[in-house]
Amino acid sequence: MIDVTPLANRTHPGYRTVPLHLSPEDRERLESILRASTTGRRVWQRGQALLWMADAVPGADIARLLGVEESTVCHWRKRFSVDDPLSQLADAPRSGRPPSLSQPRTAHE
């Protein structure tokens with residue numbers, strides 16, 4: 001993992017960075033999710049951002065480290081400003097028809 005200690009609580013232009021509240025139990029659970037090899041890329045990115053937001057890393061730095069737009073990090077901050085931020089890691093349901101796989105055709109069809 002990236003050491004963000006120098007970035008946390010640093011002076012920067014704009015508003016002061018307010019850390020998100022993350023309980024020690026939630027932090028431990030989140031770190032185990034991030035270590036799992038089955039964690040998807042988008043869930044990992046959001047989880048890493050949540051950890052850094054809890055450490056008061058500015059949004060611009062989080063965006064640069066994760067390779068996303070700063071507006072995305074602002075959206076995530078609003079998304080995680082709930083009582084249980086870990087419930088917000090997964091993708092929201094998508095609209096439209098669910099994907100389906102057709103049966104392979106045989107030679108005699």
Side-chain angles (χ1 to χ4, degrees):
M1 288 207 198
I2 298 172
D3 180 26
V4 293
T5 307
L7 300 175
N9 295 313
R10 74 173 176 83
T11 57
H12 57 86
Y15 296 109
R16 184 177 67 86
T17 303
V18 178
L20 285 180
H21 174 70
L22 195 61
S23 69
E25 296 83 21
D26 284 344
R27 179 178 284 274
E28 187 176 315
R29 206 169 91 204
L30 178 57
E31 288 174 350
S32 69
I33 290 170
L34 295 178
R35 282 191 300 266
S37 61
T38 57
T39 302
R41 180 186 58 86
R42 290 184 291 197
V43 171
W44 183 88
Q45 275 186 325
R46 284 188 220 104
Q48 192 63 63
L50 176 57
L51 277 179
W52 290 339
M53 288 175 194
D55 291 338
V57 175
D61 293 332
I62 294 171
R64 191 172 350 100
L65 289 169
L66 293 177
V68 297
E69 294 290 326
E70 192 171 351
S71 61
T72 302
V73 176
C74 291
H75 175 73
W76 289 343
R77 179 174 285 280
K78 290 177 190 171
R79 182 178 178 162
F80 296 139
S81 296
V82 294
D83 291 335
D84 183 20
L86 295 185
S87 67
Q88 302 298 312
L89 288 176
D91 286 334
R94 305 282 180 186
S95 62
R97 183 177 177 177
S100 63
L101 297 176
S102 59
Q103 296 295 324
R105 294 180 178 234
T106 58
H108 60 289
E109 281 187 41

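Being a predicted model, the structure only gives us computed values, none of them experimental.
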Side-chain contact test, heavy atoms from C-beta onward, threshold under 4.5 Å: evaluate it for L65 versus W52 and give yes or no. yes
So does [Y] get a backbone contact from the side chain of [X], meaning a donor-acceptor N/O pair under 3.5 Å?
X	Y	answer
Q45	L66	yes
R46	L89	yes
T17	V57	no

Of all the heavy-atom pairs spanning [X] and [Y], show the shortest one and how long it is.
X	Y	answer
W76	A49	CE3-CB, 3.6 Å
L22	A54	CB-CB, 3.9 Å
D26	P85	OD2-CD, 4.4 Å

Between Q48 and V43, is the side-chain contact (heavy atoms from CB on, under 4.5 Å) condition met? List the steps. CA-CA 8 Å; Q48 192 63 63; V43 171; over 6 Å; no
According to salt bridge (charged side-chain N to carboxylate O under 4.0 Å, His left out), does anything in residues 65-84 pair up with another residue at least two apart or in another chain? List the pairs. none
Please name all residues satisfying salt bridge (charged side-chain N to carboxylate O under 4.0 Å, His left out) with R42, sequence neighbours left out, ordered by chain then number. D91
Quick one: [atom1] on [X] to [atom2] on [Y], what's the gap to the nearest 0.5 Å?
X	Y	atom1	atom2	answer
R35	W44	CZ	CH2	13.5 Å
S81	H21	OG	NE2	12.0 Å
D55	I62	CG	CD1	9.0 Å
E25	L86	CD	CG	11.0 Å

Using residues 92-99 as the side-chain source, report each donor-acceptor pair under 3.5 Å to any protein atom, sequence neighbours left out, with the distance given to one decimal.
none

